[in-house]
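Report on one structure; see the data block that follows.
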Number of protein chains: 2
Amino acid sequence: MDEAAQQTSPAKRARKGAPRPPRRAERGETPASKSEQTRARILDAAAFVFARKGYSDARLSDIARTARMQTGSLYYHFASREELVAEVMRAGVEQVHAAVRARMETIPEGTPEVERLRLLLECHLLTLIDENDYTRAISRLLGQVPPRLQLQHSANGRQFMALWRGLLREGQASGALRADVDMSAIRMLLLGAMSWSIVWFKPENGPAELVARDFARMAVDGLRARPD
Amino acid sequence: MDEAAQQTSPAKRARKGAPRPPRRAERGETPASKSEQTRARILDAAAFVFARKGYSDARLSDIARTARMQTGSLYYHFASREELVAEVMRAGVEQVHAAVRARMETIPEGTPEVERLRLLLECHLLTLIDENDYTRAISRLLGQVPPRLQLQHSANGRQFMALWRGLLREGQASGALRADVDMSAIRMLLLGAMSWSIVWFKPENGPAELVARDFARMAVDGLRARPD
DNA sequence: GTCTATAAACAGATAGAC
DNA sequence: GTCTATCTGTTTATAGAC
């Protein structure tokens with residue numbers, strides 16, 4: 001047990017620049033200490049609130065209430081509002097990234113490149129809009145948070161960006177995708193279209209699966225190299 | 001001259017629910033009264049600030065400074081921060097709408113439907129990212145403002161939405177666009193991709209024209225009805 | 001119409017009891 | 001670890017002089 005090191009609050013330790021130990025939950029183990037559980041409860045509450053209210057309208061008091069505690073108590077677990085936002089965003093990216101990677105595993109070997117791309121786009125969009133507070137929050141927060149957090153976010157998402165960049169570039173290299181477009185811009189436009197869907201998507205207007213399917217199809221058909 | 005009616009401030013009159021007379025600038029005439037000019041200067045300043053800082057970080061004091069006046073003075077022209085935001089958004093939609101409609105006029109008769117659609121998408125995206133504070137502001141504000149303003153915004157944009165809905169539906173009806181996709185979703189995804197571009201687009205990474213061209217091409221090629 | 005000064009409200013953050 | 005109480009800084013908005 002490293003409980004001995006727990007002489008002060010997690011937030012205080014973080015403020016001192018001490019490296020954050022990997023959370024047990026992140027290591028795939030069952031959640032452990034009470035502090036750990038409470039922290040998770042606060043994060044869930046924050047994601048819930050941010051997803052619905054956006055950045056500027058979300059009050060720490062809202063988050064505290066949702067997590068069933070007093071506002072001041074949050075500061076035992078997080079050093080500031082900003083840290084809370086950053087953590088929600090980090091977790092959000094992580095979840096989409098994980099979903100897409102997991103989907104990759106399930107695609108049979110030998111599946112044509114373009115079809116692979118289509119399935120992954122579909123997965124990405126579905127994960128975003130399919131009732132996950134973290135991913136909903138992240139999409140809403142992205143355009144709103146202060147530049148510093150945006151930078152931090154892109155740092156978090158770099159690996160993920162790299163995945164998409166790789167997929168698109170390989171597609172071009174192999175001749176499956178048309179060579180005469182700027183894939184950087186296309187990548188951002190595709191990711192943007194999906195992120196933005198959080199703003200307008202309502203389950204009432206049709207199932208997420210259909211939206212995802214139509215979008216992925218349009219995208220890959222529009223990018224597919226054509227004989228003509 | 002209706003200066004006689006100007007016994008009180010524009011903001012006060014608006015608060016009383018009096019219908020706002022159409023601005024001379026909107027009627028295509030040259031800007032007129034000093035009040036009118038100042039109001040325009042404030043709006044420009046607000047667009048400038050909102051485009052760069054987003055909703056929550058934009059302070060009335062920033063806007064006032066940009067407009068070269070004191071914060072308190074703003075209230076002679078606008079009843080509240082919210083009214084200012086709403087006006088910027090309204091003007092922003094108006095400008096994109098106007099640009100796309102203007103572009104429609106210049107497309108030669110007999111241009112194939114799909115090509116028309118491509119040109120208009122290009123125009124829409126270009127207008128958004130090509131250094132216009134109002135359109136930049138609007139894209140950034142959309143996901144951030146309180147629900148009430150979002151509703152008001154969609155009301156403003158209804159005509160514009162209708163334009164795109166019409167274009168896509170006609171394309172489907174005539175057989176130019178594939179019939180087996182949900183055009184409502186596609187419409188939102190396309191508009192979203194474009195709106196989101198404000199967040200990531202930087203002129204350094206390549207000219208806006210190229211981004212617009214590649215996007216429009218991907219979209220229409222992905223939607224085009226195909227013989228196969 | 002614009003300025004200065006200030007009221008009113010509030011959010012984020014901290015301190016100390018328990 | 002959480003609570004209560006409070007401080008501090010900001011911001012929107014108003015009042016009244018000019």
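Chain A is the first sequence line, chain B the second, and so forth, proteins listed ahead of strands; every chain is numbered from 1.
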Problem set entry | Qualifying residues under salt bridge (Lys or Arg N to Asp or Glu O under 4.0 Å), relative to A:E82, sequence neighbours excluded |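 A:E82 satisfies salt bridge (Lys or Arg N to Asp or Glu O under 4.0 Å) with A:R148 only.
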Exercise. Quick one: salt bridge (Lys or Arg N to Asp or Glu O under 4.0 Å) partners of B:R65, sequence neighbours excluded?
Worked result: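 For B:R65, the residues satisfying salt bridge (Lys or Arg N to Asp or Glu O under 4.0 Å) (neighbours in sequence not counted) are B:D62.
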Please list every donor-acceptor pair under 3.5 Å in which a side-chain atom of residues 91-103 of chain A meets a protein atom from a residue at least two apart or in another chain.
unit_1	atom_1	unit_2	atom_2	d
A:Q95	OE1	A:N132	ND2	2.5
A:R103	NH1	A:T106	OG1	2.7

Value in whole Å for how far the [atom2] atom of [N] lies from [atom1] of [X]:
X: A:D57; N: D:dT12; atom1: CG; atom2: P; answer: 13 Å
X: A:I63; N: C:dA13; atom1: CD1; atom2: C1'; answer: 14 Å
X: B:E36; N: C:dG1; atom1: CD; atom2: P; answer: 10 Å
X: A:D62; N: C:dG12; atom1: CG; atom2: P; answer: 9 Å
X: A:Y75; N: C:dA13; atom1: OH; atom2: P; answer: 3 Å
X: A:F78; N: D:dG1; atom1: CZ; atom2: P; answer: 14 Å

For this session: For each nucleotide in nucleotides 2-7 of chain D, reading 5' to 3', give B when a protein heavy atom comes within less than 4.0 Å of its base, S when such contact involves only the sugar-phosphate, and - otherwise.
Result: BBB---
Exercise. Is any side-chain heavy atom of A:L163 closer than 4.5 Å to a side-chain heavy atom of A:M104?
Worked result: yes
Exercise. For DNA chain D, what residues of residues 47-55 of chain A have any heavy atom nearer than 4.0 Å?
Worked result: none
Pairing residues for [X] by the side chain to side chain donor-acceptor pair (under 3.5 Å) criterion, not counting sequence neighbours:
X: A:R52; value: A:D133
X: A:D44; value: A:Y134
X: A:R217; value: B:D180

Problem set entry | Lys/Arg N to Asp/Glu carboxylate O, A:R90 vs A:E87, below 4.0 Å |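 Answer for the salt bridge query: yes.
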Donor-acceptor pairs are to be reported for all side-chain atoms of residues 118-125 of chain B against protein atoms at under 3.5 Å, with residues two or more places apart or in another chain.
unit_1	atom_1	unit_2	atom_2	d
B:R118	NE	B:E115	OE1	3.0
B:R118	NH1	B:E122	OE2	2.7
B:R118	NH2	B:E115	OE2	3.1
B:H124	ND1	B:W164	NE1	3.4

Exercise. Nearest to the side chain of B:R59 - C:dG1, C:dG12, D:dT11?
Worked result: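 The closest nucleotide is D:dT11.
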Exercise. Of the candidate nucleotides C:dT14, D:dT12, D:dG1, which contains the atom at the shortest distance from the side chain of B:R81?
Worked result: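 Comparing C:dT14, D:dT12, D:dG1 against the side chain of B:R81, the answer is D:dT12.
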For this session: Output yes when at least one side-chain N/O atom of B:S35 is less than 4.0 Å from OP1 or OP2 of C:dG1, else no.
Result: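 B:S35 to C:dG1 OP1/OP2: side-chain N or O found under 4.0 Å.
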Exercise. Checking all strands, does A:S61 fall into the base, sugar-phosphate, or nothing category for heavy-atom contacts under 4.0 angstrom?
Worked result: nothing
